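Shown next, in C-alpha cells, is the structure this report addresses.
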Amino acid sequence: MKTRHLLLAFLGILTLAWSWDAFFLNPIAGDAPWVARTQAIYLTGVWSMGLMSLVMILATRPAWLEPALGGMDRIYRLHKWAGILAIGLGVAHWLVKLSKGVMNGLIGAAIHKPVKFPALDFLQPGHGLAKDVGEWVIYALIVSLAITLWKAFPYKSWRLLHRVMPALYLALVFHTAALTPANWWLQPLGLIMGALMLGGSVAAVMALRRRIGARRRHAGRIESVRALPSGVTEVECAMDAGWPGHRAGQFAFVTFDAGEGAHPFTIASADQPRARRLRFQIKALGDYTNGLAQRLRTGQPVWVEGPYGRFDHRRGGTRQAWVAGGIGITPFLAWLESLQDHPEQAPRVDLHYCVRDAAHDPFVERLQALCAALPRITLHVHDAGAGQKLDAETLRREQAQAGGTMDVWFCGPAGLARHLEDGLRSLGLEDVPVHREAFEMR
C-alpha cells in the first residue's frame, strides 16, 4: 500500500472516531460558527497528535511491521511524511485557536458560547501551562521541519536537533492530556488516542535513553577499507557470533563513530553464515561519507544494527527487470553473489545498470564476472557518457518478449525512478509491478 493511502486510512479512522463523539456521544450546544471552531480545534488536534504518536512509534524501527508495510525503508518514508503532515496539522490547530479575534470582528462574540467539558481533576491546575507549552512546541516543530527539508543542512547537526523531538512529543502529551475533556478517555476517541499516546510516550522514552534498535545491534570490526573510483569506499566487516545473518538485498544501520551515530547502508554481499562477513559499498554523497576511506582503519570496532528491509527478488515472478542507478547497484550485487552456487534458482532477468562513465565505474567489471556465471541473467550497461540512456520503451519491449508479465525491481536516484515510472504510465503500463527501494532516511 502506498504511503498516502496509509496516511489517509489512519486519518480516516481518527475522523470516524471524532465524528462519533462530535455528533452522537458529546454534541456541543451553542452558536453554530463557534461550535464549528471548537470542533475544528478538536479535530485538528486529534489529527496532529495521532500522527505525532505514529511518528514516534515508527521511529523505534519496528521490524515486526516490515512484512505489512513492505520494509524498513517504507516505514521510514511513512515516518517522514506522517511527521510533515503532523506539523502542518499542528499549525492548522494553532491557527484555528488564534481565530477567536478574527471571528469576533467578523460575526461578533458568541451569544451562546459552546460548552467546555472539564479535563481530569488532577490535570486542571496545569491548564494554563499546557496552553503555553503547546504554543512553544509548535514554534519548535516549525523550525525542525524547515531544517529537515533543507537538504544542505549538515546531517550531524540535524541529527543532534532531531534528538530533541522525543522531549517535544512528551510536552505535547502533557498539552493534550491537560486539555482533553475527562469524559473522552473511556469513549472510542479517547481509547484510540490514549493507546497512541501511550505507545508514543514509550517510544519517546526509548529514544531519549538511546535504546532504539538496541536488541538488533551487534559488534564487529573492520577487516579492510578500500577507496574505489568514483568516490566509493568499500568496507568489509567481521561480525561477532551474535550476528543473525541477512537476506541479500537488506540493509543495516552502521556506526563507525559513536559521535556521528548510525547511518543506513545496503549490505552489498551475500550472507556468509560461517564467516559472518559483511561488505558495504559507500558512495560519497554528503558531509559524512566524503573522505570516509581516510577516516576508517583496519581493526576499528563497528556496530551494525539490523538487518532490515524487504527488497527481495524472490517475492517476484519468473521474469524480471532489475534496474540500478549508480550506488543503487549494491543490493543487486548481493543478489548476484547469493545466486552463484545455485544459478538454476535465478529468475529470467535483464539487469540494467545506469552509470555516468562505464570506463571508470567501480562495479562494471564485477557485474560482468558475476553475470557470466548466471546464464539466466543478461547484463545491460547504460553509459550516459556515451549517450546511452535507459527508457520505459526498453522495459516495454522486454515485457512483450516475456509474454506480458514482468516485475521491475529498482534501486537508484529518485529522478531516474520517476522518469521510468512516468514512461511506463505513458505507454499504458501502469499495472507493471515496480518494486522500488525507498532508501531515503531523512
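Since the model is a prediction, treat every value here as computed from it, not as a measurement. The chain is numbered in sequence order, starting from 1.
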Can you check whether [Y]'s main-chain N or O pairs, donor with acceptor, with [X]'s side chain at less than 3.5 Å?
{"X": "S338", "Y": "A248", "value": "no"}
{"X": "E337", "Y": "A270", "value": "yes"}
{"X": "R226", "Y": "V232", "value": "no"}
{"X": "H246", "Y": "S269", "value": "yes"}
{"X": "R216", "Y": "P307", "value": "yes"}
{"X": "D31", "Y": "P33", "value": "no"}
{"X": "Q340", "Y": "L336", "value": "yes"}
{"X": "S99", "Y": "V96", "value": "yes"}
{"X": "H93", "Y": "T44", "value": "no"}
{"X": "R74", "Y": "K2", "value": "no"}

Inset, instruction - Name all residues meeting the side-chain contact (heavy atoms from CB on, under 4.5 Å) criterion together with H218; count only those two or more places apart in sequence or in a different chain, and write none if there are none. - result: M239, D240, W243, P244
Inset, instruction - Could you list the residues that satisfy side-chain contact (heavy atoms from CB on, under 4.5 Å) with L120, not counting sequence neighbours? - result: F122, L123, A182, W185
So does [X] have more than 12 non-hydrogen atoms from other groups sitting under 6.0 Å from [atom1]?
{"X": "L98", "atom1": "CG", "value": "yes"}
{"X": "R211", "atom1": "CZ", "value": "no"}
{"X": "R315", "atom1": "CZ", "value": "yes"}
{"X": "R163", "atom1": "CZ", "value": "yes"}

Legend entry - From CA spacing to verdict: side-chain hydrogen bond (donor to acceptor under 3.5 Å, both in side chains), W303, E305: CA-CA 7 Å; W303 288 93; E305 179 197 328; over 6 Å; no
Is there a side-chain contact between [X] and [Y] in this structure, where contact means two heavy atoms from C-beta onward sitting under 4.5 Å apart?
{"X": "L14", "Y": "M193", "answer": "yes"}
{"X": "L161", "Y": "R159", "answer": "no"}
{"X": "K283", "Y": "T289", "answer": "no"}
{"X": "I87", "Y": "M52", "answer": "yes"}
{"X": "Y353", "Y": "F363", "answer": "yes"}
{"X": "E234", "Y": "E236", "answer": "yes"}
{"X": "M165", "Y": "L141", "answer": "yes"}
{"X": "L228", "Y": "T233", "answer": "no"}

Inset, instruction - Please assess Y169 against S53 for the test side-chain hydrogen bond (donor to acceptor under 3.5 Å, both in side chains), listing each intermediate value before the final yes or no. - result: CA-CA 8 Å; Y169 172 78; S53 301; 2.8 Å; yes
Inset, instruction - Check whether the ring centres of Y139 and W94 lie less than 6.0 Å apart, and answer yes or no. - result: yes
Inset, instruction - Step through it carefully: locate the ring centre of F311, locate the ring centre of W409, and say whether they are under 6.0 Å apart. - result: yes
Search all heavy atoms of [X] against all heavy atoms of [Y] and return the closest pair with its distance.
{"X": "F280", "Y": "T266", "answer": "CD2-O, 3.4 Å"}
{"X": "A119", "Y": "A177", "answer": "CB-O, 4.5 Å"}
{"X": "L189", "Y": "V46", "answer": "CD1-CG1, 3.9 Å"}
{"X": "P433", "Y": "M406", "answer": "CD-O, 3.4 Å"}
{"X": "G245", "Y": "D271", "answer": "CA-OD1, 3.4 Å"}
{"X": "R247", "Y": "G309", "answer": "NH2-O, 3.0 Å"}

Inset, instruction - May I ask you to check if R297 and F256 form a cation-pi contact, with NZ or CZ under 6.0 angstrom from the six-membered ring centre and within 45° of the axis? - result: no
Legend entry - Given F410, W335, F332, the one that forms ring pair (Phe, Tyr, Trp, His ring centres under 6.0 Å) with H313: W335
Legend entry - Under the side chain to side chain donor-acceptor pair (under 3.5 Å) test, residues paired with H352 that sit two or more places apart: H382, E398
In Å, rounded to the nearest 0.5 Å, how long is the span from [atom1] of [X] to [atom2] of [Y]?
{"X": "L85", "Y": "L8", "atom1": "CG", "atom2": "CG", "result": "9.0 Å"}
{"X": "R61", "Y": "E66", "atom1": "CZ", "atom2": "CD", "result": "11.5 Å"}
{"X": "T176", "Y": "M49", "atom1": "OG1", "atom2": "CE", "result": "4.0 Å"}

Legend entry - Check against side-chain hydrogen bond (donor to acceptor under 3.5 Å, both in side chains), D350 and Q320: CA-CA 7 Å; D350 283 283; Q320 301 182 13; over 6 Å; no
Legend entry - Trace of the side-chain contact (heavy atoms from CB on, under 4.5 Å) decision for H175 with V137: CA-CA 10 Å; H175 167 83; V137 170; over 6 Å; no
Inset, instruction - Dump the intermediate steps for side-chain hydrogen bond (donor to acceptor under 3.5 Å, both in side chains) on W18 and Q39, then the final yes or no. - result: CA-CA 9 Å; W18 165 83; Q39 291 292 10; 3.2 Å; yes
Legend entry - Listed partners of W34 passing ring-ring contact (aromatic ring centres under 6.0 Å, His included), at least two apart: none
Legend entry - Contact list for residues 122-131, test salt bridge (Lys or Arg N to Asp or Glu O under 4.0 Å), sequence neighbours left out: none
Inset, instruction - Can you tell me which residue pairs pass the salt bridge (Lys or Arg N to Asp or Glu O under 4.0 Å) test with a partner in residues 119-129, sequence neighbours excluded? - result: none
Inset, instruction - Output, in order, the C-alpha distance, side-chain angles, deciding distance and verdict of side-chain contact (heavy atoms from CB on, under 4.5 Å) for L54 and L196. - result: CA-CA 7 Å; L54 178 64; L196 286 170; 5.5 Å; no
Legend entry - Side-chain donor-acceptor contact under 3.5 Å, Q187 with N26: yes
Inset, instruction - Using the side-chain contact (heavy atoms from CB on, under 4.5 Å) rule, take K97 and R37 through it: C-alpha gap first, then chi angles, then the decisive distance, then the call. - result: CA-CA 8 Å; K97 185 69 176 175; R37 172 181 174 271; 4.3 Å; yes
Legend entry - Carboxylate-amine/guanidinium contact D73 R436, below 4.0 Å: no
Legend entry - Residues E223 and R279 bridged, charged N to O under 4.0 Å: no
Inset, instruction - Under the ring-ring contact (aromatic ring centres under 6.0 Å, His included) rule, what do W47 and Y42 come out as? Steps first, then yes or no, please. - result: CA-CA 9 Å; W47 281 344; Y42 289 155; over 10 Å; no
Legend entry - Verdict with reasoning, V432 to E430, per side-chain contact (heavy atoms from CB on, under 4.5 Å): CA-CA 6 Å; V432 172; E430 300 93 339; over 6 Å; no
Legend entry - Geometric class of the F253/Y76 ring pair [parallel <30°, tilted 30-60°, perpendicular >60°]: tilted
